[in-house]
Amino acid sequence: MTYAIGLTGGIGSGKTTVANLFATHGITIIDTDAIAHGITAPGGAAMPAIRREFGDAFVAPDGSLDRARMREAVFTDDAAKARLEAITHPLIRTECERAAAEAEGPYLIFVVPLLVESGTWKTRVQRVLVVDCTEETQIARVMSRNRFTREQVQAIMARQASRAQRLAAADDVIDNDVHDAPLAPQVDRLHAAYLQLVRQTGGE
Ligand code: ATP
């Protein structure tokens with residue numbers, strides 16, 4: 001099995017930015033958000049079950065998931081969220097395994113926004129890498145990127161693990177605050193450390 005790193009962090013922490021830097025080292029990035037998006041696109045693997053379970057009202061005219069409607073439905077309804085995840089999670093898992101089997105390179109990175117919140121992801125990766133920044137930085141970034149209000153960002157953050165919970169689960173941390181250590185040297189250092197770990201564990 002390929003050595004796998006689980007990369008996580010709160011909304012707007014910089015997961016994608018960090019993953020792109022690892023990709024410049026030739027590391028395969030498997031983005032669970034992109035997979036989730038793909039299976040709910042027109043003709044996506046999750047769409048027949050979503051239509052059956054939730055009804056036509058949740059399917060847009062092009063056959064994709066009506067994301068706004070579903071977001072609203074599951075935001076405060078944990079039972080609906082569980083029903084949706086019972087459909088999507090096994091499909092995401094299968095797709096991750098398929099992509100991992102095809103991956104080349106010494107190790108691979110799964111980008112999993114809710115890794116700390118999830119029961120199973122921690123056991124499916126060799127190390128957990130947390131992209132960390134202050135909550136104020138998260139709020140500022142997401143307000144400017146998504147044109148959200150402070151309250152909207154805070155409502156999303158309230159449903160994610162706290163910064164402290166995430167750091168407690170981390171094997172490695174990348175500091176991605178605006179005024180702190182630049183990213184590329186941190187990524188370079190971790191990449192070297194991961195290559196070393198792969199060698200020690202008898203990987204490629
Ligand atoms: P999400 O969970 O919301 O998808 P993410 O954790 O993948 O977010 P990014 O998309 O990488 O985070 O970054 C969020 C926003 O902040 C982006 O607009 C990105 O360009 C910006 N950003 C991230 N890191 C930095 C940085 N070090 N300096 C300046 N801008 C940054």
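Bear in mind the structure is a predicted one, so any value in this text is a computation, not a measurement.
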Discussion item. Within the structure provided, determine whether Leu65 and Val59 are in side-chain contact (heavy-atom separation under 4.5 Å).
Written reply: no
Worksheet item: Is the backbone of Cys133 close enough, under 3.5 Å, to the side chain of Thr137 for a donor and an acceptor to pair up by distance?
Response: no
Worksheet entry | Val111 backbone acceptor or donor facing Thr32 side chain under 3.5 Å | yes
Worksheet, complete the sentence: Rounded to the nearest 0.5 angstrom, the OG-CG distance for Ser13 and Asn176 is 7.5 Å
Worksheet entry | Distance in Å, Asn20 CG paired with Thr16 OG1, rounded so as to fall on 0.5 Å steps | 6.5 Å
Fill in: Basic-acidic side-chain contact under 4.0 Å: Glu72, Arg69
no
Worksheet item: Going through the checks in order, is the salt bridge (charged side-chain N to carboxylate O under 4.0 Å, His left out) test met by Glu117 and Lys122?
Response: CA-CA 9 Å; Glu117 293 83 341; Lys122 286 186 287 289; over 6 Å; no
Discussion item. Using every non-hydrogen atom in the two residues, find where Ala57 and Asp66 come nearest and quote the distance to one decimal.
Written reply: O-OD2, 4.1 Å
Worksheet item: Is there a path from Ile30 to Tyr107 through hydrophobic residues (I, L, V, M, F, W, Y) whose side chains come within less than 4.5 Å of each other?
Response: no
Worksheet entry | Atom pair CZ (Phe54) and CE (Met70), whose distance is rounded to the nearest 0.5 Å | 4.0 Å
Worksheet item: Taking the side chain as C-beta and beyond, is there a heavy-atom pair between His191 and Leu21 under 4.5 Å?
Response: no
Worksheet item: Would a hydrophobic clustering, with Ile, Leu, Val, Met, Phe, Trp and Tyr connected at side-chain separations under 4.5 Å, put Leu115 with Ile109?
Response: no
Discussion item. Any carboxylate oxygen within less than 4.0 angstrom of a Lys/Arg side-chain nitrogen, looking at Arg159 and Asp78?
Written reply: yes
Discussion item. Tell me the closest heavy-atom pair linking Pro48 and Gly44, and the distance in Å.
Written reply: CD-O, 3.6 Å
Discussion item. Please find the pair of heavy atoms, one from Asp62 and one from Pro42, that lie closest to each other, and give the distance.
Written reply: O-CB, 3.2 Å
Item to complete: Starting at CZ of Arg145, measure out to CZ of Arg141 and round the result to the nearest 0.5 Å.
Response: 9.5 Å
Worksheet item: Side-chain contact, heavy-atom cut-off 4.5 Å: Gln186 with Val18?
Response: no
Worksheet entry | Glu151: partners by salt bridge (charged side-chain N to carboxylate O under 4.0 Å, His left out), with sequence neighbours left out | none
Worksheet, complete the sentence: So CG of Leu7 and CG of Leu129: to nearest 0.5 Å the spacing works out to 4.5 Å
Worksheet item: Does Thr149 offer a backbone N or O that forms a donor-acceptor pair with the side chain of Gln152 under 3.5 Å?
Response: yes
Worksheet entry | CA sep, side-chain torsions, deciding dist, call: Arg163, Thr134, side-chain hydrogen bond (donor to acceptor under 3.5 Å, both in side chains) | CA-CA 8 Å; Arg163 186 180 182 194; Thr134 66; 5.4 Å; no
Worksheet item: Checking side chain to side chain contact (heavy atoms under 4.5 Å, CB included) for the pair His89/Arg93: CA distance, chi angles, key distance, verdict?
Response: CA-CA 6 Å; His89 282 184; Arg93 185 181 182 138; over 6 Å; no
Worksheet item: Mind checking whether Gln160 and Ile156 have side chains closer than 4.5 Å, heavy atoms only?
Response: yes
Item to complete: Determine yes or no for a side-chain-to-main-chain donor-acceptor pair under 3.5 angstrom, with Ser118 supplying the side chain and Leu114 the backbone.
Response: no
Worksheet item: Is there a side-chain contact between Asp31 and Phe110, using heavy atoms and a 4.5 Å cut-off?
Response: no
Worksheet item: Under 4.5 Å between side-chain heavy atoms, hopping through other hydrophobics if needed: is there a path connecting Val116 to Val131?
Response: no
Discussion item. With a 3.5 Å distance limit and no angle check, can you tell me whether Lys15 reaches the backbone of Gly9 through a side-chain donor-acceptor pair?
Written reply: yes
Item to complete: Taking Asn146 for its side chain and Phe148 for its backbone only, find out whether a donor-acceptor pair lies under 3.5 Å.
Response: no
Worksheet item: Checking Gln165 side chain against Ser162 main chain: does a donor-acceptor pair fall under 3.5 Å?
Response: yes
Discussion item. Within 45 degrees of the ring normal and closer than 6.0 Å to the centroid, is that where the cationic atom of Arg51 sits relative to Phe58?
Written reply: no
Worksheet item: Can you name the closest pair of heavy atoms from Gly12 and Val142 and give their distance?
Response: CA-CG2, 3.7 Å
Response to the item:
Distance col, row Leu84:CG vs Asp77:CG, nearest 0.5 angstrom, shows 11.0 Å
Worksheet item: Can you tell me if Arg166 uses its side chain to pair, donor with acceptor, with the backbone of Ala161 under 3.5 Å?
Response: yes
Worksheet item: In terms of heavy-atom contacts, does CD of Glu53 have more than 12 from other residues, nucleotides or ligands at under 6.0 Å?
Response: yes
Item to complete: Measure across Leu195 and Pro106 and return the closest heavy-atom pair with its distance rounded to 0.1 Å.
Response: CD2-CG, 3.4 Å
Discussion item. Can a side-chain donor-acceptor contact be found between Asp188 and His25 if the only test is distance below 3.5 angstrom?
Written reply: yes
Practice prompt. Would you mind checking if Arg127 and Asp172 are paired as a salt bridge, meaning a charged N to carboxylate O distance below 4.0 Å?
Written response: yes
Fill in: hydrophobic_cluster_shared for Leu108 and Val128, side chain cutoff 4.5 Å
yes
Worksheet item: With a 3.5 Å cut-off and no angle check, do the side chains of Thr40 and Arg67 form a donor-acceptor pair?
Response: yes
Worksheet item: Mind checking whether Leu197 and Gln200 have side chains closer than 4.5 Å, heavy atoms only?
Response: yes
Worksheet item: Are Ile174 and Ile11 grouped together when hydrophobic residues (ILVMFWY) are joined by side-chain heavy atoms under 4.5 angstrom apart?
Response: no
Discussion item. Quick check against the 3.5 Å criterion: does Thr8 have a side-chain atom that pairs as donor or acceptor with the backbone of Pro113?
Written reply: yes
Worksheet item: Are the side chains of Gln154 and Arg150 in touch, meaning some heavy atoms are under 4.5 Å apart?
Response: yes
Worksheet item: What are the two closest heavy atoms between Ala155 and Phe75, and how far apart are they?
Response: O-CZ, 4.0 Å
